[in-house]
Undergrad: 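Can you read through this structure? Questions will come right after.
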Amino acid sequence: MRLSKMHLKTLREVPNEAEIPSHILLLRTGMIRKLVSGVYGFMPMGWRSVRKIEEIVREEMDRAGGQEIHMSAVQPAELWEESGRWFAYGPELWRLKDRNGREFCLGPTHEEIFTDLIRSDVSSYRQLPVNLYQIQTKYRDEARPRFGLMRSREFIMKDAYSFDRDQEGLDKSYQDMYEAYDRIFTRCGLTFRPVEADTGAIGGSNSHEFTALSEVGESEIAYCEKCDMAATVERAECVDAPASQDAELPLEEVYTPGTKTIEDVAAYLGLSQEQTIKALLFVTYDEEGKENGYVAAFVRGDRELNMTKLVNALNIPEHSIEFADEEKMSAATGCVGGFTGPIGLHDCTIVVDSELPGLKNLCAGACKEDHHIKNVNYGRDYKGDIVTDIKTLKEGDPCPVCGAPIKHARGIEVGQVFKLGTKYSQSMGAIYKDENQKDQLIVMGCYGIGVTRTLAAVVEQHHDENGIIWPMSVAPYHAIITVMKPDDPVQAEVAERVYKELGDAGVEVLLDDRKERPGVKFKDADLLGIPVRITVGRGAADGQIEYKLRRDADKEEISVDEGIARAIQIVNQEK
Ligand code: ATP
Ligand code: MG
């Protein structure tokens, strides 16, 4: 491709809304174009890289036994009602009506559609297992679309669904997908880590997220350097503090004026935060969006509440709960803003973190302005409707597996695999007949990869201050030839020869034949990040060119033939 002919518009200015390198660079290189918030188009270079990632995904999915199909993005509401997710998925589901008022959504994921397909097509154990996948545009009306392709409202996803006879079959399908994901992200040039994950709105039992390590990532992972424990912070289990053997002391109400935070009250009473109880107050909503109850969650004063664990404990969707208006809640439940404790609360669901029952003589709010109560003990003084782990595993906390101090890191979730089990086959009636003609539920797994998010993650991990540094496997082109003076007949002739020979050898090559200053061309070549750079300049008269890799600092003057040979070799090795 000749750059002079390419539909390419690079930007000199960094667009205002772009905060992270991948977003800035994908816009500056003109690879993506914003239409409205969270909705992007792909220009020639950008689309080439998307297709490269898709091709890697396709090859590895096929190799793992997947079969590609393509279903519609438009999905009828009835299927979502059957699975119970029309409500559970919440406002992220992009809903629409046809001219007759029938309800639909634009698919954010396709469990319902694939389950529906299989329940109508599969009847016998002989047809199982099967793994179907598609690479398709997904829609999620995200609350905060941001970071360009990273969290958009329209994006490309590979989603696969496996259907097995039993748990053993699912275990095998899951393992095959896990290994395929490993190969896919390795081939894309990512540094990543599979971590245990929560199952969220998709559901099921086990799950892993594949996380590309990056400071700008929105996922936080907790990992242990001593053993191989690694999980998202949402998911990671916590070790409870050891139970105390202290004798229970009598309750004592104390005057604690203006001490609305745990830090304040602990300092005021000369206690450590570990000796206090923290209250967090919430209101919940029903399917019509009406308030339907209050929740008080209690954790030790120094702990952080884990929202994912809380909604899992309550068995409600994440979008149906939010912080309560304390004044309103006070009238209904007796809580008092800043001074709420478990004693004296009524008419709300009390969720108690699993370690509190073992701890003795803690200090909690008294449900009375400017007062706390000391020596609060579980069982004697209060009870929880639910007692379970609802705290966040923080850096330095003991590893739940081996006890060593936990570390945190940030990353970008590029893929996730789930063992769904019979969640969808049960609610939607996907069954097969076994050898004895007995009906059995199909056991499912599902497996997603954010193709466009992966593109952003690659740029996030491969760039410098001058632009992108594409790994060969997903680069829009392998090589770029920069002609210093396109008007010079010798330079033009050498450049054409290199261009032709590389192209003939299967190298995807760009020829920068634009009538621009060399400085502009070099800047663009750096920005676009094409892996192999061949510069044709004054040396052309002596059969010399300059050869450089985008990722290396040094360049070399070598003969035209050697330049061509080297380019072909490295492209074949790394593509
Ligand atoms: P997140 O927690 O980041 O919102 P998710 O867990 O809801 O993502 P999944 O339902 O697991 O996402 O979707 C599969 C994959 O699709 C994700 O691993 C991610 O790579 C990609 N993906 C999800 N949401 C978006 C989005 N808004 N923009 C781009 N890619 C996305
Ligand atoms: Mg996910």
Side-chain angles (χ1 to χ4, degrees), residues 20 22-23 26 32 34 36-40 42 50 53-54 57 61 73 85 88-94 105-114 133-161 177-178 180-181 184-185 188 190 192-204 206-212 214 216-221 231-235 307-308 311 317-319 410-420 423-424 445-460:
I20 61 167
S22 60
H23 190 188
L26 287 169
I32 62 170
K34 178 174 149 182
V36 290
S37 167
V39 180
Y40 292 85
F42 295 86
V50 169
I53 296 175
E54 288 186 357
V57 169
M61 288 301 296
R85 288 208 297 181
Y89 215 94
E92 234 178 66
L93 195 60
W94 208 316
C105 67
L106 295 176
T109 175
H110 273 66
E111 282 75 18
E112 284 78 0
I113 300 298
F114 278 65
Y133 76 95
Q134 61 179 351
I135 298 177
Q136 200 233 23
T137 305
K138 295 282 187 273
Y139 295 86
R140 295 185 184 183
D141 197 1
E142 297 274 355
R144 290 206 303 153
R146 58 188 191 142
F147 297 161
L149 300 183
M150 211 71 99
R151 183 165 300 285
S152 46
R153 298 196 292 168
E154 180 188 75
F155 57 97
I156 299 174
M157 195 205 283
K158 183 285 298 175
D159 46 329
Y161 304 85
M177 285 293 105
Y178 188 102
Y181 275 40
I184 288 167
F185 296 123
C188 289
L190 287 176
F192 63 94
R193 189 162 190 163
V195 302
E196 271 181 53
D198 185 67
T199 52
I202 306 284
N206 293 60
S207 178
H208 285 87
E209 272 180 25
F210 285 75
T211 309
S214 161
V216 304
E218 293 182 283
S219 298
E220 196 163 6
I221 60 176
T232 63
V233 167
E234 292 163 350
R235 164 77 180 194
M307 263 327 269
T308 303
V311 298
E318 198 148 357
H319 66 85
R410 300 200 72 81
I412 301 159
E413 179 200 322
V414 283
Q416 187 166 9
V417 291
F418 300 82
K419 285 189 186 173
L420 295 172
K423 174 177 156 127
Y424 294 89
C446 75
Y447 317 91
I449 288 181
V451 170
T452 42
R453 186 185 279 183
T454 297
L455 181 72
V458 170
V459 176
E460 213 50 67

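In each ligand, atom 1 is the first atom listed, and ligand 1 is the first ligand listed.
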Undergrad: What residue and atom, counting heavy atoms only, is the protein's closest point to atom 3 (O) of ligand 1, and at what distance?
TA: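 Atom 3 (O) of ligand 1 sits closest to the protein heavy atom Arg151 NH2, 2.8 Å.
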
Undergrad: Distance to 0.1 Å, residue and atom name: give those for the protein heavy atom nearest to atom 28 (N) of ligand 1.
TA: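 The closest one turns out to be Ser152 N, 3.1 Å.
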
Undergrad: For atom 8 (O) of ligand 1, state which one of Glu218, Arg144, Glu413 supplies the nearest heavy atom.
TA: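 It is Glu413 whose heavy atom sits nearest to atom 8 (O) of ligand 1.
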
Undergrad: State, to 0.1 Å, how close Ala73 and His110 come at their nearest heavy-atom pair, and which atoms those are.
TA: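 Scanning both residues, the minimum pair turns out to be CA-NE2, 4.4 Å.
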
Undergrad: Should you measure from each heavy atom of Glu142, which atoms of ligand 1 turn up under 4.0 Å away?
TA: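 Numbered from 1, ligand 1 contributes 24 (N), 26 (C), 27 (N).
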
Undergrad: Ligand 1 versus Met157, non-hydrogen atoms closer than 4.0 Å: side chain, backbone, both, neither?
TA: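 The part of Met157 near ligand 1 is the side chain, not the backbone.
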
Undergrad: Would Thr109 count as a contact residue for ligand 1, given that I'm defining contact as a non-hydrogen atom of the residue lying under 4.0 Å from a ligand atom?
TA: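 No, Thr109 has no heavy atoms under 4.0 Å from ligand 1.
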
Undergrad: Taking N or O atoms only and a 3.5 Å limit, does Val414 qualify as a polar contact for ligand 1?
TA: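 By distance alone, the answer is yes.
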
Undergrad: I need the atoms of ligand 1 closer than 4.0 Å to a non-hydrogen atom of Arg140, numbered in the order shown.
TA: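 Near Arg140, the atoms of ligand 1 are 5 (P), 7 (O), 9 (P), 10 (O), 12 (O), 13 (O), 23 (C), 24 (N).
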
Undergrad: What's the separation between atom CE in Met177 and atom SG in Cys446, rounded to the nearest 0.5 Å?
TA: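 So the CE of Met177 and the SG of Cys446 are separated by 11.5 Å.
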
Undergrad: Do the non-hydrogen side-chain atoms of Glu142 and Glu92 ever get within less than 4.5 Å of each other?
TA: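 Side chain of Glu142 against side chain of Glu92, heavy atoms only: contact under 4.5 Å found.
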
Undergrad: Can you figure out which of Phe210, Phe155, Phe418 has its heavy atom closest to atom 26 (C) of ligand 1?
TA: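 Among Phe210, Phe155, Phe418, the closest heavy atom to atom 26 (C) of ligand 1 comes from Phe155.
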
Undergrad: Just by distance, no angles: are the side chains of Asp159 and Tyr161 close enough, under 3.5 Å, to form a donor-acceptor pair?
TA: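 Asp159 vs Tyr161: donor-acceptor pair found between side chains.
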
Undergrad: Taking distance alone, with no angle check, do Arg453 and ligand 1 share an N/O pair under 3.5 Å?
TA: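 Arg453 vs ligand 1: N/O contact under 3.5 Å present.
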
Undergrad: Does Thr454 reach ligand 1, in the sense of a heavy atom lying below 4.0 Å from it?
TA: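 Per 4.0 Å heavy-atom rule, Thr454 does not contact ligand 1.
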
Undergrad: Hey, would you say the Phe210 and Tyr178 ring centroids sit under 6.0 Å apart?
TA: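 Aromatic pair counts; centres sit under 6.0 Å.
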
Undergrad: Are Arg235 and Glu209 close enough for a salt bridge, meaning some N to O gap below 4.0 Å?
TA: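 No, Arg235 and Glu209 are not salt-bridged.
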
Undergrad: Can a salt bridge be assigned to the pair Arg85 and Glu111 using a cut-off of 4.0 Å between side-chain N and carboxylate O?
TA: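 Yes, this pair counts.
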
Undergrad: Looking only at non-hydrogen atoms, find the nearest pair between Tyr139 and Trp94 and report the distance.
TA: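 So the minimum-distance heavy-atom pair works out to CB-CE3, 4.1 Å.
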
Undergrad: Using non-hydrogen atoms of the residue, decide whether Met150 is closer than 4.0 angstrom to ligand 1.
TA: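 Yes; Met150 lies near enough to ligand 1 that a heavy-atom distance drops under 4.0 Å.
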
Undergrad: Closest N/O/S atom of Glu413 to the Mg ion (ligand 2), by atom name?
TA: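 Sorting the N, O and S atoms of Glu413 by distance to the Mg ion (ligand 2) puts OE2 first.
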
Undergrad: Starting from atom 15 (C) of ligand 1, locate the nearest protein heavy atom and write down its residue, its atom name and how far away it is, to 0.1 Å.
TA: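 Residue, atom and distance for the closest contact: Gly450 N, 3.8 Å.
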
Undergrad: Taking distance alone, with no angle check, do Glu209 and ligand 1 share an N/O pair under 3.5 Å?
TA: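 No.
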
Undergrad: Considering non-hydrogen atoms of the protein only, which is the closest contact for atom 11 (O) of ligand 1, and what is the distance?
TA: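 Atom 11 (O) of ligand 1 sits closest to the protein heavy atom Gln416 OE1, 3.1 Å.
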
Undergrad: Let me confirm one number: the CD-OG1 distance from Glu413 to Thr211, rounded to the nearest 0.5 Å.
TA: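 Going from CD on Glu413 over to OG1 on Thr211, the span is 6.5 Å.
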
Undergrad: Could you tell me whether some N/O pair between Ile449 and ligand 1 is separated by less than 3.5 angstrom?
TA: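 Looking only at distances, the answer is no, because the N/O contact criterion of under 3.5 Å is not met.
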
Undergrad: Going by the order shown, which atoms of ligand 1 are within less than 4.0 Å of some heavy atom of Gly415?
TA: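 Every atom of ligand 1 under 4.0 Å from some heavy atom of Gly415: 18 (O).
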
Undergrad: Can you tell me if Gln416 has an N, O or S atom under 2.8 Å away from the Mg ion (ligand 2)?
TA: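 Of the N, O and S atoms in Gln416, at least one lies under 2.8 Å from the Mg ion (ligand 2), which means yes.
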
Undergrad: How close do Leu149 and Ser152 get, heavy atom to heavy atom, and via which atoms?
TA: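 Shortest heavy-atom separation between Leu149 and Ser152 comes out as O-OG, 3.7 Å.
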
Undergrad: Which atom pair, heavy atoms only, marks the closest approach of Ala160 to Met61?
TA: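 It is CB-CE, 3.5 Å.
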
Undergrad: Does the shortest distance from the Mg ion (ligand 2) to an N/O/S atom of Glu209 fall below 2.8 Å?
TA: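 No N, O or S atom of Glu209 is closer than 2.8 Å to the Mg ion (ligand 2), so no.
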
Undergrad: Do you know which two heavy atoms are closest between Ser214 and Glu460, and how far apart they sit?
TA: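 Residues Ser214 and Glu460, closest heavy atoms: OG-CG, 3.5 Å.
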
